[in-house]
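Inspection log for the structure reproduced underneath, given as structure tokens.
As the structure lists them, so they are numbered: ligands from 1, and atoms in each ligand from 1. For the single chain, residues carry numbers from 1 onward in sequence order.
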Amino acid sequence: MVVLVTGGLGYIGSHACVALLESGYDVVILDNLSSGKLDVVSRIETITGRKPVLVVGDVRDTAVLKQVFNCHNIAAVLHFAGLKSPSESLSIPLEYFDCNVGGTLALLRAMHEKNIKTIVFSSSATVYGLPEEMPVTEACRAESPINPYGRSKLMAERILRDLAASDPEWRVACLRYFNPVSAHSGGLIGENPTAIPGNLMPYVTQVASGRLPRLTVFGSDYHTRDGTGIRDFIHVQDLAEGHVATLQYLQHTTGFEVFNLGTGTGVSVLELISTFEQTTGQKIAYEVGPRRSGDVAECWADSSKAERLLGWKARFGLVEMCRHAWQWEQTC
Ligand code: NAD
Ligand code: UD1
């Protein structure tokens with residue numbers, strides 16, 4: 001079975017390509033190289049012994065989509081391609097809506113024309129906005145994301161839901177990722193380092209390697225067990241496996257579903273730092289600063305729906321997440 005992976009050269013998409021190839025699927029990647037790198041193809045081949053087909057192009061480009069669907073016998077799509085920074089989306093919202101909503105629409109139109117009706121969409125826990133209860137279940141309200149990025153993800157989810165409601169042949173799953181971290185255990189693929197990371201784990205690894213002088217812990221006065229923020233960090237390989245499990249689920253189920261993908265365990269910022277130090281032997285210099293605006297005190301998933309319906313559960317714990325993140329930092 002051939003699967004189209006949009007954004008397959010990116011952080012999560014590349015891990016999904018590995019998981020798909022290792023599970024026997026054939027993979028066609030469509031990526032515009034806006035953040036993905038070409039050498040990811042050979043890295044995927046080194047890990048799996050199988051080479052994905054790469055088409056360089058934009059998911060909003062109707063002609064490219066037509067060519068992809070005409071040249072390959074695609075049965076399903078994993079749609080990762082998109083922009084992903086909440087803070088950047090505040091300054092260039094039109095780019096975010098164009099890429100994340102416009103890209104999804106163009107893709108769905110092209111799929112519809114070719115009668116390809118199975119899609120797994122990369123959504124985010126950010127659609128829950130400021131969650132009202134912990135842990136977050138799929139039944140929690142997802143109506144008021146706090147930035148354009150989150151709204152673009154929610155809009156795409158709603159388009160997918162309406163489409164599935166209009167035609168019973170569609171098979172649609174929106175996967176709401178919590179905090180994806182770390183890298184492939186083989187050390188060959190991971191997150192593309194950007195100038196200064198906004199997320200915690202890459203910041204920690206860059207302090208450990210000396211690329212950054214010290215971490216600022218954003219707030220230690222939350223009503224949490226140690227005063228720092230609590231998140232549900234999930235190993236990117238587990239996340240990738242979740243996509244394969246979802247594809248398998250969609251082979252025998254029609255309609256529209258959303259799933260939380262997290263570990264179900266909340267970890268505080270200080271707990272992550274101390275686990276990283278113990279696992280790697282690297283000291284993390286940090287200071288406590290003010291809270292970061294837009295942050296919630298705590299956010300972790302109830303992923304029991306994914307476990308029940310997809311038969312999927314995260315395998316890696318925080319120690320492995322730290323070990324593999326550090327290994328990637330030293331090789332990338
Ligand atoms: P990434 O930037 O590493 O990968 C995105 C890939 O898509 C890149 O290879 C990029 O070149 C490509 N791309 C972007 N726009 C494109 C377009 N218009 N046409 C074709 N290719 C395009 O990001 P990621 O972390 O792998 O995220 C993948 C998806 O998961 C995104 O949709 C993101 O919003 C979502 N997500 C990510 C996180 C996270 O923490 N990384 C959390 C929740 C949801
Ligand atoms: C952020 C995004 C979210 C996105 C997720 C994964 C915001 C408000 N949310 O989530 O939409 O899905 O990334 O990409 O941007 N922290 C520090 N110091 C740092 C960095 C982070 O103390 O230098 C703390 C934060 O305050 C937070 C925790 O670490 O408590 C995790 O932060 P981060 O990795 O940025 O993820 P989120 O904020 O949960």
In terms of side-chain geometry, is the basic nitrogen of Lys37 or Asp39 positioned less than 4.0 Å from the acidic oxygen of its partner?
-> no
How close does the nearest protein non-hydrogen atom get to atom 19 (C) of ligand 2, and which residue and atom is it?
-> Phe218 CE1, 3.2 Å
CG of Asp167 to OG1 of Thr254: how many Å apart, nearest 0.5 Å?
-> 9.5 Å
Considering heavy atoms of the protein only, find what lies nearest to atom 24 (C) of ligand 2 and give residue, atom and distance to 0.1 Å.
-> Val269 CG2, 3.7 Å
Subset of ligand 2 atoms that lie under 4.0 Å from at least one heavy atom of Val217 = 22 (O)
Mark up the atoms of ligand 1 that fall under 4.0 Å of a heavy atom belonging to Lys153, in ascending order.
-> 31 (C), 32 (O), 33 (C), 34 (O)
In ligand 2, which numbered atoms sit nearer than 4.0 Å to a non-hydrogen atom of Gly198?
-> 20 (C), 35 (O)
Salt-bridged, Asp221 to Arg291, with N to O below 4.0 Å?
-> yes
At what distance is the nearest protein heavy atom to atom 39 (O) of ligand 2, and which residue and atom is it?
-> Arg231 NE, 2.5 Å
So the atoms of ligand 1 within less than 4.0 Å of a heavy atom of Val59 turn out to be 17 (C), 18 (N), 19 (N), 20 (C)
What atoms of ligand 1 come closer than 4.0 angstrom to any heavy atom of Arg60?
-> 18 (N)
Taking only heavy atoms of Gly229, which atoms of ligand 2 are found under 4.0 Å from at least one of them?
-> 30 (O)
Starting at CZ of Arg323, measure out to CZ of Phe276 and round the result to the nearest 0.5 Å.
-> 11.5 Å
Distance in Å, Leu239 CG paired with Ser182 OG, rounded so as to fall on 0.5 Å steps = 12.0 Å
When distances are taken from atom 6 (C) of ligand 2, the protein heavy atom at minimum range is Asn199 ND2, 4.0 Å
Can you get from Leu175 to Val236 by hopping between Ile, Leu, Val, Met, Phe, Trp and Tyr side chains that sit under 4.5 Å apart?
-> yes
What's the shortest distance from atom 15 (O) of ligand 2 to any protein heavy atom, and which residue and atom give it?
-> Pro86 CG, 3.6 Å
protein heavy-atom neighbour closest to atom 28 (C) of ligand 1 works out as Phe80 O, 3.5 Å
Heavy atom of the protein closest to atom 34 (O) of ligand 2 (residue, atom name, distance) | Leu200 N, 2.9 Å
Run the numbers for me: atoms of ligand 1, each under 4.0 Å from some heavy atom of Cys99, listed by number.
-> 15 (N), 18 (N)
The closest protein heavy-atom partner of atom 16 (C) of ligand 1 is Asn32 ND2, 3.3 Å
Numbered atoms and elements of ligand 2 in range of Thr126, under 4.0 angstrom, heavy atoms | 11 (O)
Ala125, portion touching ligand 1 at heavy-atom distance under 4.0 Å = neither
For Ser34, counting its heavy atoms only, list the atoms of ligand 1 lying under 4.0 Å from any of them.
-> 10 (C), 11 (O), 13 (N), 14 (C), 15 (N)
Gap between atom OG of Ser152 and atom CG of Leu94 - 0.5 Å precision = 12.0 Å
Answer side chain, backbone, both or neither: which part of Leu33 comes under 4.0 Å from ligand 1, heavy atoms only.
-> backbone
Where is the nearest protein heavy atom to atom 25 (C) of ligand 2: which residue, which atom, and how far?
-> Asp295 OD2, 3.4 Å
Are any of the side-chain nitrogens in Glu45 or Arg50 under 4.0 Å away from the carboxylate oxygens of its partner?
-> no
From the options Thr6, Leu9, Ile12, select the one whose nearest heavy atom is closest to atom 26 (O) of ligand 1.
-> Ile12
Decide, yes or no, whether a salt bridge links Glu257 with Lys305 under the criterion of side-chain N to carboxylate O below 4.0 Å.
-> yes
Linking I/L/V/M/F/W/Y whenever any side-chain heavy atoms sit under 4.5 Å apart, do Leu4 and Leu105 land together?
-> yes
For Asn179, atoms of ligand 2 separated by under 4.0 Å from a heavy atom = 10 (O), 36 (O), 37 (P), 39 (O)
Side chain, backbone, both or neither: Ser35 near ligand 1, heavy atoms under 4.0 Å | both
Can we say Glu138 and Arg176 salt-bridge, meaning some charged N sits less than 4.0 Å from an Asp/Glu carboxylate O?
-> no
Quick note on ligand 1: atoms under 4.0 Å from a heavy atom of Ser123 include exactly 43 (C), 44 (C)
Salt bridge between Arg211 and Glu329, side-chain N to carboxylate O under 4.0 Å?
-> yes
Run through Ser124, Ser87, Ser85 and flag the one making a side chain to side chain contact (heavy atoms under 4.5 Å, CB included) with Tyr149.
-> Ser124
Considering the heavy atoms of Leu215, write down every atom of ligand 2 situated less than 4.0 Å from one of them.
-> 18 (N), 19 (C), 23 (O)
Assert yes or no for the condition that the ring centre distance of Tyr11 to Phe80 is strictly below 6.0 Å.
-> no
Of all the atoms in ligand 2, which lie at a distance below 4.0 Å from a heavy atom belonging to Ser124?
-> 12 (O)
For atom 18 (N) of ligand 2, closest protein heavy-atom neighbour | Thr216 O, 2.8 Å
Where ligand 1 meets Ser122 - atom numbers and elements under 4.0 angstrom, heavy-atom basis = 29 (C), 30 (O), 32 (O), 35 (C)
Nearest atoms (heavy-atom pairs only) where Gly262 meets Ala301 | CA-CB, 4.1 Å
What atoms of ligand 1 come closer than 4.0 angstrom to any heavy atom of Tyr149?
-> 33 (C), 34 (O), 35 (C), 36 (N), 43 (C), 44 (C)
